[in-house]
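This report concerns only the one structure given below.
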Amino acid sequence: MQDRDLFSGFIKLHILHHAAHEEIFGAGMIDELSTHGYKLSPGTLYPMLHKMEVNGYLRSEKREVNGKIRKYYRCTEDGQRALSLAKEKARELFGELLEPQA
């Protein structure tokens, strides 16, 4: 994706949104994000998830699934607050972006 840096904030908001509603895991998020046109490799997504966890937006839990360890993520309270604030900012921005031009 040529404009990855520009869209990285959208990707993180997608992650927070889904992690606020249910547990997520890396491969599942890669699939989910692809439905929105984002083509991420594990080498891109997993460091992003890790950084979001270090920053306090996500927490993880490791579980064994079919003989392999899978890391599940949930949104933290800080992640919920950040997501709520981002929604307000997105409404404001999209209002400006989508208003008719004079």
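Owing to the predicted nature of the structure, the values given are computational and were not obtained by experimental measurement. We're numbering straight along the sequence, starting at 1.
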Partners passing ring-ring contact (aromatic ring centres under 6.0 Å, His included) against His14 (at least two apart in sequence or in another chain): His36, Tyr38

Nearest-0.5 Å distance that lies between atom CE in Met52 and atom SG in Cys75: 7.5 Å

Atom pair CD/CZ of Glu96 and Arg91 - distance to nearest 0.5 Å: 15.0 Å

Pairing residues for Asp78 by the side-chain hydrogen bond (donor to acceptor under 3.5 Å, both in side chains) criterion, not counting sequence neighbours: Arg81

Pairs satisfying side-chain hydrogen bond (donor to acceptor under 3.5 Å, both in side chains), at least one member in residues 41-51, at least two apart: Ser41-Thr44

For Val65, the rest of its hydrophobic cluster, which grows through side-chain links under 4.5 angstrom: Phe25, Tyr72

Under the side chain to side chain contact (heavy atoms under 4.5 Å, CB included) test, residues paired with Leu13 that sit two or more places apart: Leu83, Ala86

Pairwise distance NE2(His17) to CD(Glu22) - rounded to 0.5 angstrom: 8.5 Å

Taking every non-hydrogen atom, the tightest pair across Leu45 and Gly26: CD2-O, 3.2 Å

Glu32: salt bridge (Lys or Arg N to Asp or Glu O under 4.0 Å) partners, not counting sequence neighbours: none

Qualifying residues under side chain to side chain contact (heavy atoms under 4.5 Å, CB included), relative to Leu85, sequence neighbours excluded: Glu88, Lys89

Same cluster (ILVMFWY, side-chain, under 4.5 Å), Val54 and Tyr57: no

Within one Ile-Leu-Val-Met-Phe-Trp-Tyr cluster: Ile24 and Ile69, side-chain cutoff 4.5 Å: no

Pairwise distance NZ(Lys39) to CD1(Ile30) - rounded to 0.5 angstrom: 11.5 Å

Residue pair Ala20 / Arg74: nearest heavy atoms and the distance that separates them: O-NH2, 4.2 Å

Pro42 versus Pro47, closest heavy-atom pair with distance: O-CD, 3.7 Å

Contact list for residues 52-62, test salt bridge (charged side-chain N to carboxylate O under 4.0 Å, His left out), sequence neighbours left out: Glu53-Lys71, Glu61-Arg63

Set of side chain to side chain contact (heavy atoms under 4.5 Å, CB included) partners for Ala90, sequence neighbours left out: Phe94

Tyr73 OH to Ile15 CD1 distance, which is reported to the nearest 0.5 Å: 9.5 Å

